[in-house]
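Structure below; questions to follow.
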Amino acid sequence: MDIAITTDEFLRFRKLIYDESGISLSDQKQSLVASRLSKRMRELGLMTFTEYYEQVTSDPTREEFVRLLDLISTNKTDFFREAKHFEFLRERILPELAGEKRIRIWSSACSTGEEPYTIAMTLYEGVSDPSQWDFQVLASDLSTRVLAKAAAGVYSEDRFRDVPPDVLRRHFLRGRGEQAGAYKVKPHLAQMIRFRRLNLMNDQFPIQAPLDLVFCRNVMIYFDRPTQGRLVNKFHRYLKPGGYLFIGHSESLQWVEHPFKLLAPTIYQKER
Ligand SMILES: C[S@@+](CC[C@H](N)C(=O)[O-])C[C@H]1O[C@@H](n2cnc3c(N)ncnc32)[C@H](O)[C@@H]1O
């Protein structure tokens, strides 16, 4: 049974979550907040949301706040999710960079890692001699829990249904014995990716610009329009002229002021 949350308590949590993460919860999300946080509150022996709010906001280490955000955010993802983006990367972006053989990509809400590993597999498979290329993928998320899973690079077999078997074999190691049914990323792929915790609400990001491509998929849907606008303008600063931005298939920048050119649905380009 969920612990009851009053509207007043919900509004206080909603503001706290919005101020930190940009995640904008509608009035309809009151019971969702109660159900996602109740278990954690029981673990802590707390009976009311007011007590939990006190605990979260008085913790100088902010550890409990990070946990709270982990529980609120939605982390659904998949290998080769929204496959058109990976085709575009292989067929359009890689040939454009064939001269310099250097590519910098940021997977900016990477969740449990399926997106950056798919990017890395696409890069590796998309060129004739990967050893001649300088590939770097930065993968970041707000949630420490998903980042730990992403960095471990271990997934159960059923997660790979959209990965061709030969591609899976080249880049993931099949577990044996106690690890049967699981696959672990191979070192050549793992070393293409760096994981770190970054909050998209920050004004600046400690990353090496300029980037060729930013993936920001299926997270802006949780942000309100002014927040979306600020974010895509920040991405614009970190991209090189002619660089690309991919957003999720159910997202649009139609109502947001931004300087990008729309190339195809969900694919944007910075002017050259
Ligand atoms: C639904 S997942 C999307 C994963 C992947 N990009 C995809 O499309 O499959 C959304 C992710 O955004 C992250 N997120 C939410 N707010 C964020 C913020 N302010 N900064 C960085 N990441 C955030 C969540 O932790 C979650 O892992």
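Just follow the structure's listing: the first ligand is 1, and inside any ligand the first atom is 1. The structure displayed is predicted, hence computed values, not measured ones.
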| field | Identity and separation of the nearest protein heavy atom to atom 4 (C) of ligand 1 | value | Ala109 O, 3.3 Å
| message | Strictly distance-based, threshold 3.5 Å: is any side-chain N or O of Thr266 a donor or acceptor partner for the main-chain N or O of His249? | response | no
| field | Between Ser131 and Asp129, a side-chain donor and acceptor under 3.5 Å | value | yes
| query | Is any side-chain N of the basic residue among Glu82 and Arg217 closer than 4.0 Å to the acidic one's carboxylate O? | reply | yes
| Is Gly248 near ligand 1, meaning one of its heavy atoms is under 4.0 Å from it? | no
| message | I need the contact type for Ser111 against ligand 1. Using non-hydrogen atoms and a strict under-4.0 Å cut-off, is it side chain, backbone, both or neither? | response | both
| task | Number the atoms of ligand 1 from 1 as they appear, then name those within less than 4.0 Å of a heavy atom of Leu198, with their elements. | result | 20 (N), 21 (C)
| Mind checking whether Leu69 has a heavy atom under 4.0 Å from ligand 1? | no
| request: Do me a favour and list the nearest non-hydrogen protein atom to atom 8 (O) of ligand 1 with residue, atom name and distance? | output: Asn218 ND2, 2.8 Å
| task | Please determine, by modelled atom types, if Ser156 and Asp158 share a side-chain donor-acceptor pair under 3.5 angstrom. | result | yes
| query | Where do Tyr268 and His258 land on the ring-ring contact (aromatic ring centres under 6.0 Å, His included) test, with the steps shown first? | reply | CA-CA 10 Å; Tyr268 294 82; His258 65 80; 5.5 Å; yes
| task | Apply the side-chain contact (heavy atoms from CB on, under 4.5 Å) test between Ile3 and each candidate in Glu51, Met47, Arg42; give the one that qualifies. | result | Arg42
| said: With nothing but distance in play, are any N or O atoms of Asp141 less than 3.5 Å from an N or O of ligand 1? | reply: yes
| Distance in Å, Ser21 OG paired with Tyr222 OH, rounded so as to fall on 0.5 Å steps | 11.5 Å
| In the protein, what heavy atom is nearest to atom 12 (O) of ligand 1, and what distance, to one decimal place, separates them? | Val219 CG2, 3.3 Å
| query | Against heavy atoms of Glu115, which atoms of ligand 1 measure under 4.0 Å? | reply | 5 (C), 6 (N), 7 (C), 8 (O)
| Ile23 N/O to ligand 1 N/O under 3.5 Å | no
| request: Report the C-alpha separation of Glu271 and Lys240 in whole Å, then their side-chain angles, then the decisive distance to 0.1 Å, and conclude whether the salt bridge (charged side-chain N to carboxylate O under 4.0 Å, His left out) test is met. | output: CA-CA 9 Å; Glu271 67 284 1; Lys240 70 181 197 192; over 6 Å; no
| query | Near Ser73, which atoms of ligand 1 are under 4.0 Å from a heavy atom of that residue? | reply | 24 (C), 25 (O)
| task | Would you mind telling me if ligand 1 is within reach of the side chain of Thr74, the backbone, both or neither, using heavy atoms under 4.0 Å? | result | backbone
| message | Students should be able to answer this: which protein heavy-atom is nearest to atom 7 (C) of ligand 1, and at what distance? | response | Arg81 NH1, 3.3 Å
| said: Side chain or backbone, does Leu142 bring an N or O within less than 3.5 Å of an N or O on ligand 1? | reply: yes
| task | May I ask you to decide if the ring planes of Phe235 and Phe205 are parallel, tilted or perpendicular, using 30° and 60° as cut-offs? | result | parallel
| So which bit of Thr112 gets within less than 4.0 Å of ligand 1, heavy atoms only: side chain, backbone, both or neither? | neither
| message | Checking a contact table here: which protein heavy atom is nearest atom 20 (N) of ligand 1, and how many Å away? | response | Leu200 N, 2.9 Å
| said: Is there a side-chain contact between Arg161 and Asp78 in this structure, where contact means two heavy atoms from C-beta onward sitting under 4.5 Å apart? | reply: yes
| Arg40/Glu64 salt bridge by N-O under 4.0 Å criterion | yes
| request: Return a yes/no value for Arg217: is any of its N or O atoms, backbone included, closer than 3.5 angstrom to an N or O of ligand 1? | output: yes
| message | Contact between Ile119 and Phe215 at the side-chain level, heavy atoms closer than 4.5 Å - yes or no? | response | yes
| message | Under a 4.0 angstrom heavy-atom cut-off, which atoms of ligand 1 come close to Ser143? | response | 25 (O)
| For Thr77 and ligand 1, does the shortest N/O to N/O distance drop below 3.5 Å? | yes
